[in-house]
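Reviewing the structure listed below.
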Amino acid sequence: MKKYSLLLIIFALAKISLAQQLTGQVFLQQTILGKQNGYGVRYQNEKGLGVGIVYQSNLNASREFVQGNYPFYGIETVIPITKCNNMRLFLTPKVGFVNHLFFVVIPEVETNIKISDRFSSGITAGLRARQSAIGIKIIMKIN
């Protein structure tokens, strides 16, 4: 009986893991704080709902002047809004820390356009420091 239970659990986990995907992303964003680049990893289910981690800082970042780089470390949630052929619209709010001191919430929306089975591009719009921010990103399916 234990063997059958274990097999049932393994098949259930395999089905769940096959229906989900891990993606990596690199992005460039123009904010009130300057041009920022970043990267992240996401885990999404088949409907598009997911969670990920992101890092973002100014392009002219240097280790000597951390306060001017505005590094952001955080977690993003991915909530699907709508889908049309190869295009999807997501709500992607982020929460995290800027300059290792300040806790911030960044509301953002993202439009993804599927380029191939492995790659898609994205356009983002959100708020950073109470000002509008717009960006582009490349997303690659890892698994």
Practice prompt. Over 60° means perpendicular and under 30° means parallel, so classify the ring planes of Tyr39 and Tyr55, tilted if in between.
Written response: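 Taking Tyr39 first and then Tyr55, their aromatic rings sit tilted (interplane angle of 30° to 60°).
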Worksheet item: Atom OG1 of Thr77 and atom CG of Leu49: how far apart are they, to the nearest 0.5 Å?
Response: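 Going from OG1 on Thr77 over to CG on Leu49, the span is 8.5 Å.
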Worksheet item: Under 6.0 Å from the six-membered ring centre of Tyr73 and within 45° of its axis: does the NZ or CZ of Lys94 meet both?
Response: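 Output no; distance or angle outside limits.
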Worksheet entry | Lys NZ or Arg CZ of Arg128 over Tyr70 ring: under 6.0 Å, within 45° |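 The answer is no; the distance or angle limit is not met.
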So, does [X] use its side chain to make a donor-acceptor pair with the main chain of [Y] at under 3.5 Å?
| X | Y | answer |
| --- | --- | --- |
| Arg118 | Lys141 | yes |
| Asn99 | Leu101 | no |
| Thr124 | Ile134 | no |

Fill in: Heavy-atom check, side chain of Gln44 versus side chain of Phe90, under 4.5 Å
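Gln44 vs Phe90: side chains touch.
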Worksheet item: For the residue pair Asn112 and Gly122, what are the closest heavy atoms and their distance?
Response: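 The answer is OD1-CA, 3.8 Å.
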Worksheet item: So, for Val41 and Leu22, which heavy atoms are closest and what is the spacing to 0.1 Å?
Response: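 Looks like CG1-CD1, 3.6 Å.
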Practice prompt. Dump the intermediate steps for salt bridge (Lys or Arg N to Asp or Glu O under 4.0 Å) on Glu110 and Arg88, then the final yes or no.
Written response: CA-CA 8 Å; Glu110 178 180 314; Arg88 294 184 86 171; over 6 Å; no
Discussion item. Please check if the number of heavy atoms outside Ile53 that lie under 6.0 Å from its CD1 is greater than 12.
Written reply: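 Not buried by this count: 12 neighbours or fewer within 6.0 Å.
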Worksheet item: Got more than 12 heavy atoms from elsewhere within 6.0 Å of CD1, Ile75?
Response: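 Counting other residues, nucleotides and ligands, CD1 of Ile75 stays at 12 neighbours or fewer.
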